[in-house]
Undergrad: 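My structure is below; once you've seen it, I'll send some questions.
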There are 2 protein chains.
Amino acid sequence: MIDPSVPLPKYLQLRALLLDTISRLPMDALIPSERELCRRFNVSRTTVRQAVDQLVVEERLRRVPGKGMVVARPPNRFQSFADDMHALGMSASCVDLGTQTIEADADLADLLGTAPGAPVHVLHRLRLADGQPMAVERSYIPAALAPDLFERRRPGGSLFKALEREFGIVTDTGDQTIEAGPATDNEAEPLDIPQGGTVFHLRRRTFSRGACAELTFSTYRADRYRIHLGLKP
Amino acid sequence: MIDPSVPLPKYLQLRALLLDTISRLPMDALIPSERELCRRFNVSRTTVRQAVDQLVVEERLRRVPGKGMVVARPPNRFQSFADDMHALGMSASCVDLGTQTIEADADLADLLGTAPGAPVHVLHRLRLADGQPMAVERSYIPAALAPDLFERRRPGGSLFKALEREFGIVTDTGDQTIEAGPATDNEAEPLDIPQGGTVFHLRRRTFSRGACAELTFSTYRADRYRIHLGLKP
DNA sequence: AAGTGGTCTAGACCACTTT
DNA sequence: AAGTGGTCTAGACCACTTC
């Protein structure tokens, strides 16, 4: 199970094994005790605690003194559109408006951190909440990270889930800029709002292990949408 | 220095001592080595590492293998308006438009987590960037937390700094909602924009040890302002 | 009473940087 | 060569929960 000869430290090997176990378990499930893990993997308790500590920081496990360790809710993944709408009590749906694969120009390459001219997948979508238009989105994904994305992706499904399940890309950080202003005619039409109506312009990048995995420009109807953020120092 | 009889664990006592040291040191300063701290405070290396580990997670310290431990940049405090503007390359200033102390109505009490009728300080400010109006803000602070806030606060100075320095209130979490829409006449006038110009409406709450310390409604000119966010899962 | 996580000790060897 | 952080061991006692 744990190979002392492998260059990866024992506690990280153990963490990976625990993560695999956790992912198959329901929330609040009790996992084996620290001392039991020591016996089972033949490592010291310090090593077990080092592995567990990290999972606790990552909010995958909770310690319960006197009881044991239980599986915690998955950490806040980046808000998918569907989750976002459900939190507001609305149903979410999505219409694909088109896909293509282009070569990155200088600006796009700069934002994605790829070489200029590198192939990039583009996904154009209309987001609906309770059946009414809420946003239009244009997503860019470096083709090197997900070569046959459009063949493997379930149309209308979550882009994040496809990246994670089909290509093993788990996003870990991101950045976002938010602007507001009047909609252009091109934007107003699919959103079903008057020309010049107020919209949010969002630009979001999400990163996986230091590389930009996804760049999305969204235009949200400001009359229907409100952004909620939790802040941590 | 470290008292084994006190109920607080040694590693937390040590963490507090280190935090005090760190706060007086410039960024990238080298602090004593782990083994030196063991000798100096007469604790085991495990205990030292436990204290340091926490400060590393909190981004107050960085470890440099082979070198030592250095003071890291202070963690992202909540963006003060001044910091926000400086990041955009603009100078920031502030004009106090008035202060008063009121009794919380039901809505305000709900948002602040105080009892209805509890006294609340209100601070009304105009924010300027490069000398031009950028935002108007209305801040509410439970008077119980900062009784003589208006006597002790430096006019035009940072509210957060005053709460921290004068009342020991350090904010640890927060939430924020962002809307966009046309400005009302009341808002447009001090911001020096046309009636109906696009503005951001921000509502931010910051918490200190579980209690709301501050509630601020801001109206930002959308033609000059852009929101930047770092995202973590 | 037995088991759990929480804290703590006193060592050890490694890869790395500095001198 | 000396010092540093990174990893690891094999114990220990405590407060707590469960039986």
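Lettering follows sequence order; numbering is per chain, from 1. These numbers come from a predicted model, not from an experiment.
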Undergrad: Taking only residues two or more places apart in sequence or in another chain, which ones pass salt bridge (charged side-chain N to carboxylate O under 4.0 Å, His left out) with B/R154?
TA: none
Undergrad: Among residues at least two apart in sequence or on other chains, which ones pass salt bridge (charged side-chain N to carboxylate O under 4.0 Å, His left out) with A/R226?
TA: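 Listed in chain order: B/E179.
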Undergrad: Could you list the residues that satisfy side-chain contact (heavy atoms from CB on, under 4.5 Å) with B/S91, not counting sequence neighbours?
TA: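 Residues passing side-chain contact (heavy atoms from CB on, under 4.5 Å) with B/S91: B/D130.
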Undergrad: Give the dot-bracket string for DNA chain D, reading 5' to 3', where a pair is Watson-Crick or G-U wobble with both distances under 3.5 Å, ( ) marks pairs inside the strand, [ ] marks pairs crossing earlier ones, | marks a partner on another strand, and . marks unpaired.
TA: ||||||||||||||||||.
Undergrad: Go through the side-chain N and O atoms of A/D53 and A/Y11 and say whether any donor and acceptor fall under 3.5 Å apart.
TA: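 No.
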Undergrad: Name all residues meeting the side-chain contact (heavy atoms from CB on, under 4.5 Å) criterion together with B/I102; count only those two or more places apart in sequence or in a different chain, and write none if there are none.
TA: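 Partners of B/I102 under the side-chain contact (heavy atoms from CB on, under 4.5 Å) test: B/Q100, B/L108, B/V120, B/V122, B/Y140.
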Undergrad: Who passes salt bridge (charged side-chain N to carboxylate O under 4.0 Å, His left out) against B/R62, sequence neighbours left out?
TA: B/D28
Undergrad: Nearest-nucleotide wise, let me know which of B/S33 and A/L8 is further upstream toward the 5' end of DNA chain D.
TA: B/S33
Undergrad: Check each residue of residues 35-52 of chain A for a non-hydrogen atom within less than 4.0 Å of any atom in DNA chain C, then write out the ones that pass by number, or none.
TA: A/R35, A/R45, A/R49
Undergrad: Under 3.5 Å, side-chain donor or acceptor atoms of residues 12-21 of chain B against the rest of the protein: list the pairs with distances, not counting sequence neighbours.
TA:
| unit_1 | atom_1 | unit_2 | atom_2 | d |
| --- | --- | --- | --- | --- |
| B/Q13 | OE1 | B/D3 | N | 3.0 |
| B/Q13 | NE2 | B/D3 | O | 2.9 |
| B/Q13 | NE2 | B/L8 | O | 2.8 |
| B/R15 | NE | B/E58 | OE2 | 3.3 |
| B/R15 | NH2 | B/E58 | OE1 | 3.0 |
| B/R15 | NH2 | B/E58 | OE2 | 3.2 |
| B/D20 | OD1 | B/R24 | NH2 | 3.0 |
| B/D20 | OD2 | B/R24 | NE | 3.3 |
| B/D20 | OD2 | B/R24 | NH2 | 3.1 |
| B/T21 | OG1 | B/L17 | O | 3.1 |

Undergrad: Using 30° and 60° as the class boundaries, would you call the ring planes of B/Y220 and B/F81 parallel, tilted or perpendicular?
TA: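 B/Y220 vs B/F81 ring planes: tilted.
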Undergrad: Can you tell me if A/E36 has over 12 outside heavy atoms packed within less than 6.0 Å of its CD?
TA: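 Enclosed: over 12 neighbouring heavy atoms sit under 6.0 Å from CD of A/E36.
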Undergrad: Do any N or O atoms of the protein come closer than 3.5 Å to N or O atoms of nucleotides 16-19 of chain C, and which pairs are they?
TA:
none

Undergrad: With side-chain hydrogen bond (donor to acceptor under 3.5 Å, both in side chains) as the test, would you mind laying out the steps for A/T177 and B/H228 before giving the verdict?
TA: CA-CA 4 Å; A/T177 67; B/H228 289 269; 5.3 Å; no
Undergrad: Which residues pass the salt bridge (charged side-chain N to carboxylate O under 4.0 Å, His left out) test with B/R45, not counting sequence neighbours?
TA: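 Partners of B/R45 under the salt bridge (charged side-chain N to carboxylate O under 4.0 Å, His left out) test: B/E34.
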Undergrad: On DNA chain D, which is the earliest and which the latest nucleotide, 5' to 3', with an atom closer than 4.0 Å to a heavy atom of chain A?
TA: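 For DNA chain D, the relevant span reads D/dT7 to D/dT18.
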Undergrad: Can you give me every donor-acceptor pair (side chain of residues 143-150 of chain A, partner residue at least two apart or in another chain, under 3.5 Å) with its distance?
TA:
| unit_1 | atom_1 | unit_2 | atom_2 | d |
| --- | --- | --- | --- | --- |
| A/D148 | OD1 | A/R152 | NE | 3.3 |
| A/D148 | OD2 | A/R152 | NE | 3.3 |

